[in-house]
Amino acid sequence: MSRATTSTPTEASTEPLLSVESLRTQFRTEDGIVTATNDVSFSLDHGEVMGIVGESGAGKSVTAKSIMRLIRYPGEIAGGSVVFDGEDLLSYSEAEMRSIRGNRITLIPQDPMTSLNPVLTVGQQITETIELHQDVDHEEAREIAIEAMREVEIPAPETRIDEYPHEFSGGMRQRILIAIGLACEPDLIIADEPTTALDVTTQAKILELLNDLREEHGVSILMITHNLGVVAQTCDRVGVMYAGNLVETGTVSSIFKQPRHPYTRALIDAIPTVDGERGRDRLYALAGSMPDLKALPDGCNFADRCPHAIDACRRGEDPSLESVAGAPADTEAACIRADELDLTEPETSEGDRRQDKAISAEPLLAVDGLKKHFPSGDGLLGNLSLTRADGGGLSLERRYVKAVDGVSFTINRGETVGLVGESGCGKSTVARTVLQLLEPTDGEVYFDGQPLGELGSTALRSLRREMQIIFQDPKSSLNPRKTVGQLIGRGMEKHDIATGDEKRERIEELLERVGLQKSDIDKYPHQFSGGQQQRIAIANALAVEPELIVCDEPVSALDVSVQAQILNLLDDIQAEYGLSYLFISHNISVVQHICDRVAVMYLGKIAETGTVEQVFAPPYHPYTESLLSAVPHADPTRQPDRILLEGTVPSPLDPPSGCPFHTRCPKKIGDVCETDVPLPAPIGGDERHQIACHLSEAEMSTPLYDEPAAEPEP
Amino acid sequence: MSTSTWLTTEQKAHYGRFLRQFRRNQKAVIGLGIVVSLFVIAIVTYFAPEIVPYDPSATDVPNREAAPSLQHPMGTDDLGRDVFSRVVLGTQISLYVGFVSISAAMIMGTTIGVVAGYYQGLIDESLMRLMDAMMSFPPILLALTIVAVMEPSLNNVIIALAFVYTPFIARVARSAALSVRNESYIEAAVARGESDTYIIFREVLPNCVGPLLVQGSINIAFTMLLEASLSFLGLGVQPPRPSWGLMINSGWAYMGDAPWIVLFPAAAIATAVIGFNLLGDGLRDVLDPKGEIIE
Amino acid sequence: MAFATYLAKRLGFMAVTLFLVTLITFGLTNILPGNVALLILGPNANDASIAALEAQLGLDQPLYIQYLDWLIALVQGDMGTSLRYGGPVVDLIAVRLPRSLMLAVSATVVSVTLSIPLGVIAAVKKNTVADLTASMLAFIGLSLPIFLWGLVFIYVFALSLGGFPTRGYVSPFEDPVAAFHHLVLPASAMGVALTAYIMRMTRSSMIDELSEDYIEFARSKGLGERAVVLRHALKNAAIPVITVIAFQFSYAFGGVVVLEEVFSWPGIGRLTLTAIENRDIPLLQGCIIVIALIYMISNFLADTFYAYVDPRIRYGGSE
């Protein structure tokens, strides 16, 4: 892939394609007016790809919807202009605007699972746009639709056009959304988080497709994303948004090399990197969170969190974008100190190196041959399914989803073991089965040498004190009807740790330890932000003084700056309380940052396990290799050599024979992969590093840079 | 809690949001107004029945079918009884039937629904099949049969209605419990070593209260309608108790000459039903904006 | 295959429910006080003849044997003999059921034609005067018991305005015009009472669909509001509404019990009341079972239709 640094040739035009001036969009809520975007200005040239990046609530999506005038009551565009190809869209009538939407400006929405109408065929949904905007009859529209599907590399478009959305995988649905966006050959595509809902290997393929299409059609793209990696890999220019306003714009290369706004710097520093020396250091984390859009502070919106803020920052208006001395001409920053600050180097904070921790060689938790099969379908008889036997007779069959199918690993005292894999690989089921929240179908879990499956329910209940869990969604993990004190105190009472005033003192101590206030003890969970709720969940887990904490995607629902805070907190308390972690995540960078050892899961089985250094360097399991290559790096200078996996993950209802990965493996060697299940084998004689693959070590060490392949559905 | 006041400031903030939204919801406020007035009327006339101008069962044959006047604001019926006094006292019966039967249905239905939703599997399947079977009978038919079996009387009407509405409550309780069950805090409670009883009553149930309140108040409206229908058919509350349905039943024959005998009890039913429906609807807007509650 | 599996499961559930329904029906009707043999023989019968008849009717057997006998007969289409009328219960019901069906179907048609447009308008114009008016209209329908709507319609359209008969039934095969005349009032009265539920369901279902992502995406394609509402939202919103319509249809069967009394409509509702008044247990059992069966069949048809309309069920979900 090559990113065009010069504009793709289009008709010579001095005017930008899109020019947004002082755009202001507000929402009326019960608690007052929320200014979702305030004074947003930027422009986009013909053939250019511009990214708008920011954390949730920054106003990215609202900006995109305002451009298309899709803001509906109780929202309204309160001011500014949106000049598209010389015309102010805000002055258009609704009918005129409809002839622009879906025709000259198209939207690629965020969630492919909910953005297609479930009761219309994909063909009906593609052709309705074409028939609306082009002077063609139904047959011609269908031809154009098939062509568009072919262009986004959907196999057999002639037949698949008559299928319904649920018959397509998530990645394929995203392709259909792109096909709809392309069908009328627009001038501008607004892609609103087009890959956020997708797994990393699917994301890699969609990004590749967008890059190809952009080169072929010379279309301009406005890429809305929270992921700096996506920006680095796809965009020419970028605008960084914070609290409803752009704080910096510039070319991707200059912004990543030398940010001019402290927030941009912080955003880059908060991302754990997959490689490089910084990988294992403490993350640089901004304190606090984005201000309330209903009550913005005086002066710069970022001042309260900014390490460089001075008194002048907290006075007057929020600064607007201005060019920066010594920076490239098109770099602008909204910071009164932009000219004087040098933000080339990563920000550092105290206690920069991570504390060394004591890992004993004695296993705290041992998981042996764990299996968990679920009956498919709902209800008692739900897993019964009518099947037609070979003879033609109907019969009923019980079907099982093999979510976890033979998983073994150990966690030593003081150690963090990561379980990484894409959605549906069974990693969360492992977490729940280990904790006996789900009963294992087979296999055993030993905690401190005791087999959990053989414990009686009373013994298990008292042992639960030693094993706690932190969930992905902090909001869902705290009972909304209890106060923080009741939530945290319950575990202490339950396990006779503390009562009365002593309990209250301990809760207050814990709250302070996780970075909250003593006075928060009587508040209810909904009064906190997502990051703070996760801190409460951590305090809740710590309250019973456990030895093991299972962290199930603990930072996935959080913004990157908050994610860094939580990762640092988890790191700190590990050494302090002598904890072991089982860390479940789909995010490879996070796993690499926080874990000592890693197990890579695919379709209910462990493909590779070893120390972080071993797993993230050759020799690789081919799946590990693909996964690593698919991560978009927040570094525009890096040439991505993405391995694009064929097809989608097979259904765990009906897993492939032999190696579960053989249907997609770029290094498949032949029949042995289809017939024999590979067993984990030590690599280089090191028992700690095991790979389950038929390839030789040399083959697993050879890098593979495959040509992008089409994506046939299984 | 260390504070001695009834509510801590944090609790006030917590419930304040609900109260504010409730107050801003016109449906809820009007509905609550009607319901509270009905309760006041019922309670006052229960403790001070002499407050109504006439004895509700005192006949005055010479003065029968008298049109509404200052003496008789709603006229008199075919036996010369004062319609106003009877309508006012009918409030007691209507509310008593609705409230007691739905309270009983709430207790049974909630227990069944929450247990089914929490345990799932075989328990869920068998309980819900039974509820389905009970719901296969139109409510009025089931109520009619039960009352007929046990002899028509006020208390038997209440028992019948409690049975009839139990499955409706159970369905709501189950679906609420199912969605709460998927919340991580339930798993967290299991991971903490809590017993099933604790989880069902302290974690699941309090989070199902919203939908149940809504369903309960709507079902009170339904029971009032049903009670009126049963009484109309002569299979409900028995004379001489002044039930609104009964008044319509006996007044219907005189509809051509004295429509007020039917009109005022009918208006009373409509007011009460609208009151509970509005309250339920308003509560739904406030408590369940996503519309998870089924009717 | 997925559709076939789905149907097979539904049928299985229905069989279980039906079994429970027979159990409840039998259980309820056998607690009825009153000696059946005494009812048949009259008050002057002596103990010996009562015992003889009880033996003949199987009433001296334990309750579960009685139930099994009854169930086996029921499966064979034999609901016993009416104590009041003397003839087979099946025949009595067969004559009256079509009349009640006609009434319930007409009422459902009335309420669907009123409620769906009202519901769609209320949802699209949410929180406006139109929404409020539509909701209030529906609310009024909901606020009176069905029998009272019957009385109101009789009072207004038959007694005050005239033109419609207040009571009675005419077979459409004998005199279609008169039959229609007799049908209008009871069907409209019930239709109005049912409108509220379907309208409210349509409204909330439409509001849900209109907030879905695919609606915003449809708008982003440049589609007008009409196409967004009718082509995209309504098709999805219809799915839950169909279930409510089926429920209301069977609810209408509850309504007919009362309404047939008001309009002297000789259907299964009046038959049920007659059975209760006369303690005619076989007849009552037959009526209850048939009405419950109508409920189950209409729900089954709704589920089937629902599954057919929704491609996620028709072709099997991938999730």
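In what follows, every chain begins at residue 1, and chains take the letters A, B, ... in the order their sequences are listed.
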(request) Could you check which of B/Met128, B/Arg202, B/Glu183 has the highest count of heavy-atom pairs closer than 4.5 Å to chain A? (result) B/Glu183

(message) If the test is side chain to side chain donor-acceptor pair (under 3.5 Å), which one of A/Arg461, A/Arg464, A/Arg490 qualifies with B/Glu194?
(response) A/Arg490

(request) Compare every heavy atom of B/Tyr185 with every heavy atom of A/Ser477, then report the nearest pair and how far apart it is. (result) O-CB, 3.3 Å

(request) Give, for atom OG of B/Ser184 and atom CG of A/Leu437, the distance between the pair rounded to the nearest 0.5 Å. (result) 10.5 Å

(request) Output the distance between atom CE (A/Met492) and atom CZ (B/Arg192), rounded to the nearest 0.5 Å. (result) 12.0 Å

(request) Give the C-alpha distance, both sets of side-chain angles, the deciding distance and a yes or no for salt bridge (Lys or Arg N to Asp or Glu O under 4.0 Å) between B/Glu203 and A/Lys482. (result) CA-CA 9 Å; B/Glu203 305 274 356; A/Lys482 294 187 176 181; 3.1 Å; yes

When you look at [atom1] of [X], are more than 12 heavy atoms from neighbouring residues, nucleotides or ligands closer to it than 6.0 Å?
X        : atom1 : answer
A/Glu493 : CD    : yes
A/Lys475 : NZ    : no
A/Phe528 : CZ    : yes
A/Tyr577 : OH    : yes
B/Gln26  : CD    : no
A/Asp501 : CG    : no

(message) Shorter than 4.5 Å, heavy atoms on both sides: which option in A/Leu478, A/Asn540, A/Ile469, A/Asp473 has the most such pairs with chain B?
(response) A/Leu478

(message) I'd like to know which of A/Met467, A/Gln472, A/Gln436, A/His495 tops the heavy-atom pair count under 4.5 Å against chain B.
(response) A/His495

